[in-house]
Amino acid sequence: MSVRVRFAPSPTGYMHIGNARTALFNWLFARKLQGVFILRIEDTDMQRNVEDAIDVITAGLSWLGMDWDEGPGVDGEFEPYYQSQRLQLYRDHARQLIKNKQAYICRCHKSGDDDSECDCRLDMTDADAETDLDGGLAVRFLNPGGTTEFEDIVQGKLSFENEQFGDFILIKSDGTPTYNYANVVDDHAMQITHVARGDDHVSNTPRQLMLYEAFGFEPPEFAHLPQIMAPDGGRMSKRHGASSLNELQERGFLPEAAMNYLALLGWSPGDEREYLSPEELISEFDLQRVSKSPAQFNMKRLIHINSLHMENTPLERRARLAAGILVDRGLLNQADVEQPRVMDRVAAVVEALGTRFKYGEQILEYGEHFFSDAPPEIDSELYSYLEERQVRGALREAGERLSGLSDWSLEAIEEVVRGTAEEHGLKAAPLIHAIRVSLSGSTVGPGLFTLVHLVGQDQSYRRIQAALDTVPAQD
RNA sequence: GGCCCCAUAGUCAAGUGGCGAAGACACCAGCCUUUCAAGCUGGAGACGCGGGUUCAAUUCCCGCUGGGGUCACCA
């Protein structure tokens, strides 16, 4: 029988990185074993905006490159894949448990923070099995006591005293099922063979195992994945930046690089490889090799992994990535991007940036001025590059000679710059730096002649003039 | 606090009853270079602590400390 796994998120409108990694491990596991990957929406407690929230999930998975065999948009044998559409199933199963005296109607309406005992188990009657379960009264599980033990694929042998979980709720008084209960009913109904989820669910597992036992269902295998923690060691949250899949996309990371990085959080192929394509991840992945200890999210390492993937990404795609960011930040508009001439320019800039362009957002760090007609702002800290009289003289002349150049080639530009420097008794470096700051407002970037070439003849002249005007001479 | 889990450098992470304890990111220095990035060379940096078991523990056991998770009619 083939392996069947599921990713069962709650539609919160936010695709957390930890959830994404959970989905990824399930997907890799299924793809490796040629099993089935199911997307199931746990929306029993959600109201309104569920559609949008589900879009966040499906868009996130699709962006990362994961596809599902059953779920929203891909209805299969076990539909529906929304818990909110499966209420009758949960009620029918609950009725069965009540009939067997393994569950009972709770009439006392005790809330969760009232820790006094609920005595409703003493009032069980045969009539309970006939009671409506579509609202008004909650159903509790009759905890059988004893010990639950299981072998977790990543955590190893785990053991719990059942008593500590009490007679937990199965059906809430509004008629909807609780998480632990719906999970068991659905996982069984959908013939799930392996449950891989965050390790914050370990203590839910004994509860669910008691239910499998009560129903006489065979339980799936469990694999509890370690948590992903924020760079400061605490919980991942919005304030850490890049805590959601969406942010990774917005900041211009390649999906296959994000997948690669996420896979390496809590798992490794066992050797020193770190660059793995989706195909390699699939063939190498092994739940047994998942670590038990939590891993911290590290942006620098993500950037590094991304840069590795960028090296193997065709210029055209890198250019599109850059263009997406530029449009996003208002430096280009969508109509511009449709024009081949504009895209050619973006591509030329990206090509000039080379390995400096490690992920999408960096187009702004290095290349913002390429997409603006205004001369760049020159920070006063950079004035020293433009203050010396000798340098200024050379800069002025270089600007003029550049603007008179009839052959706008790298070679000609270089000749002008080096020649001018020499004639002014300067080494090339100070003039090169002065031109760079004038043209880009920065001390870092592509080779100077490439920079001048890309900025263009007219703009180069104007920016040099503007820089000379802005920065006062100094003796 | 009860219960469960974890513990190799700042981070990710390989690994074993006997090793000079991999590798990567980050960091430092040098080379290259018009700058940065990349590349190359070199460097610093780890088995949390205390007891056992053993000829020998980073590795096995116990305790401690530290960290995480969970204790709902949320999922």
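Reminder, nothing fancy here: chain letters follow the sequence lines and each chain counts from 1. Note: hydrogens, waters and symmetry copies are ignored here, and every other heavy atom, side chains too, is used.
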Open item on the list: Once pairs are restricted to Watson-Crick or G-U wobble with both distances under 3.5 Å, how does RNA chain B read as a dot-bracket string, [ ] for crossings and | for other-strand pairs?
Closed with: (((((((..(((.....[....))).(((((.......)))))....(((((..]....))))))))))))....
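Rounded to whole Å, the P atom of B/A9 lies 16 Å from the corresponding atom of B/G15. Between B/A44 and B/G23, the two P atoms lie 13 Å apart (nearest whole Å). Taking the P atom of each, B/G48 and B/G67 are spaced 16 Å apart, rounded to whole Å. To the nearest whole angstrom, the two C1' atoms, one in B/A75 and one in B/C49, are 39 Å apart. Nucleotides B/G50 and B/A57 are separated by 15 Å at their C1' atoms, to the nearest Å. When the P atom is used for both B/U58 and B/G20, the distance is 14 Å, rounded to whole Å. Taking the P atom of each, B/G51 and B/G68 are spaced 28 Å apart, rounded to whole Å. Rounded to whole Å, the separation between the P atoms of B/G1 and B/A37 comes to 48 Å.
Atom CG in A/L158 sits roughly 12 Å away from atom C1' in B/C6 (whole-Å rounding). For the pair A/L170 CG and B/A75 P, the computed distance is 12 Å after rounding to whole Å. A/L264 places its CG atom 8 Å from the P atom of B/A13, with the value rounded to the nearest Å. What separates CG of A/D174 from P of B/A72 is a distance of 18 Å, to the nearest Å. When rounded to the nearest whole Å, the span between CE of A/M299 and P of B/A26 equals 14 Å. Between the OH atom of A/Y275 and the P atom of B/C25 there is a distance of 15 Å, given to the nearest Å. For the pair A/K157 NZ and B/C6 C1', the interatomic distance rounds to 19 Å; values are reported in whole Å. Following rounding to the nearest Å, A/E351 (CD) and B/A37 (C1') show an atom-to-atom distance of 16 Å.
Salt-bridge formation is not detected for the pair A/E280/A/R273: no Lys NZ or Arg NE/NH1/NH2 atom is positioned less than 4.0 Å from an Asp or Glu carboxylate oxygen. Salt-bridge formation is detected for the pair A/E256/A/R317: a Lys NZ or Arg NE/NH1/NH2 atom is positioned less than 4.0 Å from an Asp or Glu carboxylate oxygen. No salt bridge links A/R251 with A/E247; every basic N to acidic carboxylate O contact stays at or beyond 4.0 Å.
Proximity note for A/R289 (side chain, C-beta onward) versus B/C3, B/G15, B/A75: the nearest is B/G15. With B/A37, B/A13, B/A75 as the candidates, the nucleotide lying closest to the side chain of A/E42 is B/A75. With distances taken from any side-chain atom of A/Q296 to the nucleotides B/U11, B/A75, B/A14, the minimum falls on B/U11. When the nucleotides B/C6, B/C36, B/A24 are ranked by their closest atom to the side chain of A/K292, B/C6 comes out on top. Closest to the side chain of A/S293, out of B/A7, B/C3, B/A75, is B/A7.
Taking the six-membered ring where the residue is Trp, A/F160 and A/F165 present tilted rings, their angle falling between 30° and 60°. Under the 30°/60° scheme for interplanar angles, the aromatic rings of A/Y275 and A/H309 are found to be tilted.
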What's touching nucleotides 21-23 of chain B from the protein side, N or O pairs under 3.5 Å?
none

Identify each atom pair where a protein N or O and an N or O of nucleotides 31-35 of chain B are less than 3.5 Å apart, giving names and distance.
residue, atom, partner, partner atom, Å
B/U34, O2', A/H433, NE2, 2.8
B/U34, O2, A/R436, NH2, 3.0
B/U34, N3, A/L448, N, 3.1
B/U35, O2', A/T443, O, 2.9
B/U35, O2, A/T443, O, 3.2
B/U35, O2, A/G445, N, 3.1
B/U35, O2, A/G445, O, 3.3
B/U35, N3, A/R436, NH2, 3.3
B/U35, N3, A/G445, O, 2.8
B/U35, O4, A/G447, N, 3.4

Got a list of protein N/O to nucleotides 62-69 of chain B N/O distances below 3.5 Å?
residue, atom, partner, partner atom, Å
B/G69, OP1, A/R235, NH1, 3.1

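A/R107 has no side-chain polar atom (N or O) that falls below the 4.0 Å cut-off from OP1 or OP2 of B/C73. Remark: A/T44 is in phosphate contact with B/A75, judged by side-chain N or O atoms under 4.0 Å from OP1 or OP2. OP1 or OP2 of B/A38 sits under 4.0 Å from a side-chain N or O of A/K358.
Side chains of A/H369 and A/S442: a donor-acceptor N/O pair is absent below 3.5 angstrom, by distance only. The closest side-chain donor-acceptor pair between A/S244 and A/N246, if any, does not fall under 3.5 angstrom. In the model, A/R207 has no side-chain atom that pairs as donor or acceptor with a side-chain atom of A/N183 under 3.5 Å.
Only A/H304, listed by number, bring a heavy atom of residues 302-314 of chain A to less than 4.0 angstrom from any atom of RNA chain B. Listed in residue order, the members of residues 15-22 of chain A having a heavy atom less than 4.0 Å from RNA chain B come to none.
Considering only residues two or more places apart in sequence or on other chains, A/Y90 meets the ring-ring contact (aromatic ring centres under 6.0 Å, His included) condition with none of them. Contacts of A/W267 classified as ring-ring contact (aromatic ring centres under 6.0 Å, His included), with partners at least two apart in sequence or in another chain: A/F285. Residues forming a salt bridge (charged side-chain N to carboxylate O under 4.0 Å, His left out) with A/D186 (at least two apart in sequence, or on another chain): A/R40, A/R86. Judged as a side chain to side chain donor-acceptor pair (under 3.5 Å), and not counting sequence neighbours, A/Q457 has no contacts. Under the rule for a ring-ring contact (aromatic ring centres under 6.0 Å, His included), A/Y181 has no partner lying at least two apart in sequence or in another chain. Residues passing the side-chain contact (heavy atoms from CB on, under 4.5 Å) test with A/Q88 are A/R91, A/D92, sequence neighbours excluded.
Residue A/I432 holds its CD1 atom at 4.0 Å from CZ of A/F449, rounded to the nearest 0.5 Å. Atom CZ of A/R21 and atom CD1 of A/I228 lie 4.0 Å apart (nearest 0.5 Å). Atom CG of A/L353 sits about 9.5 Å away from atom CD of A/E365, to the nearest 0.5 Å.
Judged by distance alone, with hydrogens and angles left aside, the side-chain atoms of A/N143 form no donor-acceptor pair with the main-chain N or O of A/D167 at under 3.5 Å.
Taking the six-membered ring wherever Trp is involved, the centroid distance between the rings of A/Y212 and A/H188 does not fall below 6.0 Å.
Each of A/F297, A/Y359, A/F253 was scored for a ring pair (Phe, Tyr, Trp, His ring centres under 6.0 Å) with A/Y261, with one residue passing: A/F297. With A/F7 as the fixed residue, the side chain to side chain contact (heavy atoms under 4.5 Å, CB included) test singles out one of A/L24, A/I38, A/N19: A/N19.
For A/S268 against B/A13, a side-chain-to-base donor-acceptor contact under 3.5 Å is absent.
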